[in-house]
Student: 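This is the structure, below, for whatever I ask next.
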Amino acid sequence: MIITITDDFDLKKIADSGQCFRFNEVTGTGTGDEGASCRRYSVAAGSRHVFVKELGQNRYDFDCSEDEFETFWKRYFDLDLSYSEIRGRIDQKKDPYLFSASQYGKGIRILRQDPWEMLISFIISQRKNIPAIKASIEKLCALAGDVICEDKVCGKIYSFPTPSQLSRLSMEELSGCSLGYRDKYVHQAALDVASGAVDLEAWRELDDDGLMENLLKLFGVGVKVANCEILFGYHRLDAFPKDVWINRVLDTRYPDGFPFDDYAPYNGVMQQYLFFYSRSEGMQ
DNA sequence: AGGCAGGTTCTTA
DNA sequence: TAAGAACCTGCC
């Protein structure tokens, strides 16, 4: 399924943007030739998986049917929203730092990921670096998920465990996934959602304050994780998670406060540019 | 060896 | 209500 995408769309930047943990560049083609110049990415989301190849000239090869692209991946990549238009709201003279960050991060999009998968992923993320987060999540998937794809280069690829699957893991199995003290948070979240006590899908109907309030009641979820869940799990693009990197940027570049009013309702997109930029250059 | 990594909870005042 | 300590684990 070959698609042309003219709006901001950079798979490498999305993979490295820190919003997703099962989205990776595949090194090596498996077949030996052909792909030296075209990058290939493995994208796992819930119980779905796709390989995407960059063909150049804004063309991409999605390794799936047209139907699956139209009904799932198009929405997943948020292809109905113009990120170049959102970027265009940034005034170079008024905010040169954010402008530079957005030039650098051009191509980042906010994926429409699953609230359950994001909740567990960001609970795990606390006080961990990205490679460690990814390693824990892959262990969880291999332990409790189903095989959804088998590839010569990547081997077996697993679905993200359902709440029920995850709730059936013992604490011993969970701690085998290098979760550390977060094991009890993950276990409790799985029980809450599997039992129906927490209905993440129903929470889509809540307003921003109500959603935040409910998320903060979850064991192991504080303000930062809740904001990541709201931005990445519920795709509410005005959420602005503040982690150590963003706080450093705000302290040094915006001592008088970040101009949230200028960018509403897309402050979360700006957060992604700032985050990506600050991390890439070691924050100067 | 000690500090730190995309925080949160628990304990004290 | 607010500041400080404790927390698993892996990697410099």
Student: Checking all strands, does Gly222(A) fall into the base, sugar-phosphate, or nothing category for heavy-atom contacts under 4.0 angstrom?
Tutor: sugar-phosphate
Student: Between Asn58(A) and Thr6(A), does any side-chain donor sit less than 3.5 Å from a side-chain acceptor?
Tutor: no
Student: Among the nucleotides dG10(C), dG6(B), dC7(C), which one has an atom lying closest to any side-chain atom of Tyr181(A)?
Tutor: dC7(C)
Student: Please tell me which of the listed nucleotides, dT9(B), dA5(B), dG6(B), lies nearest to the side chain of Ser125(A)?
Tutor: dG6(B)
Student: Taking the nucleotide of DNA chain B with the closest heavy atom to each, which residue, Cys20(A) or Leu216(A), is nearer the 5' end?
Tutor: Cys20(A)
Student: Test Asp95(A) against Tyr263(A) for side-chain hydrogen bond (donor to acceptor under 3.5 Å, both in side chains), laying out the working first.
Tutor: CA-CA 11 Å; Asp95(A) 195 341; Tyr263(A) 305 117; 3.3 Å; yes
Student: Check whether NZ of the Lys or CZ of the Arg Arg112(A) lies under 6.0 Å from the centre of the six-membered ring of Tyr76(A) and within 45 degrees of that ring's axis.
Tutor: no
Student: Which base sits across from dC12(C) as a Watson-Crick or G-U pair, both distances under 3.5 Å?
Tutor: dG2(B)
Student: Looking at Ser175(A), I'd like to know whether one of its side-chain N or O atoms comes within less than 4.0 Å of OP1 or OP2 on dC8(C).
Tutor: no
Student: Contact class for Leu218(A) vs. all strands (heavy atom < 4.0 Å): base, sugar-phosphate, or nothing?
Tutor: sugar-phosphate
Student: In whole Å, measure the gap between the P atoms of dA5(C) and dC4(B) for me.
Tutor: 14 Å
Student: Give me the one residue out of Asn227(A), Asn267(A), Val269(A) that meets side-chain contact (heavy atoms from CB on, under 4.5 Å) with Phe240(A).
Tutor: Asn267(A)
Student: Verify the contact: side-chain N or O of Arg182(A) to OP1 or OP2 of dA5(B), cut-off strictly under 4.0 Å; return yes or no.
Tutor: no
Student: Rounded to whole angstrom, note down the P distance from dG6(B) over to dA3(C).
Tutor: 24 Å
Student: Where the side chain of Val225(A) is concerned, which of dC8(C), dG6(B), dT8(B) is the nearest nucleotide?
Tutor: dT8(B)
Student: Relative to the 5' end of DNA chain B, which residue comes earlier, Val221(A) or Cys228(A), by the nucleotide with the nearest heavy atom?
Tutor: Cys228(A)
Student: Classify the nucleic acid contact of Gly220(A) as base, sugar-phosphate or nothing, counting any heavy atom under 4.0 Å across all strands shown.
Tutor: sugar-phosphate
Student: Taking only the P atom of each, what is the distance from dT11(B) to dC8(C) in whole angstrom?
Tutor: 13 Å
Student: Where does the angle between the aromatic ring planes of Trp245(A) and Phe275(A) fall among parallel (under 30°), tilted (30 to 60°) and perpendicular (over 60°)?
Tutor: perpendicular
Student: What about Lys224(A), does its side chain sit under 3.5 Å from the base of dG7(B) through a donor-acceptor pair?
Tutor: no
Student: Using atom CG of Leu179(A) as one end and atom P of dA5(B) as the other, report the distance to the nearest whole Å.
Tutor: 20 Å
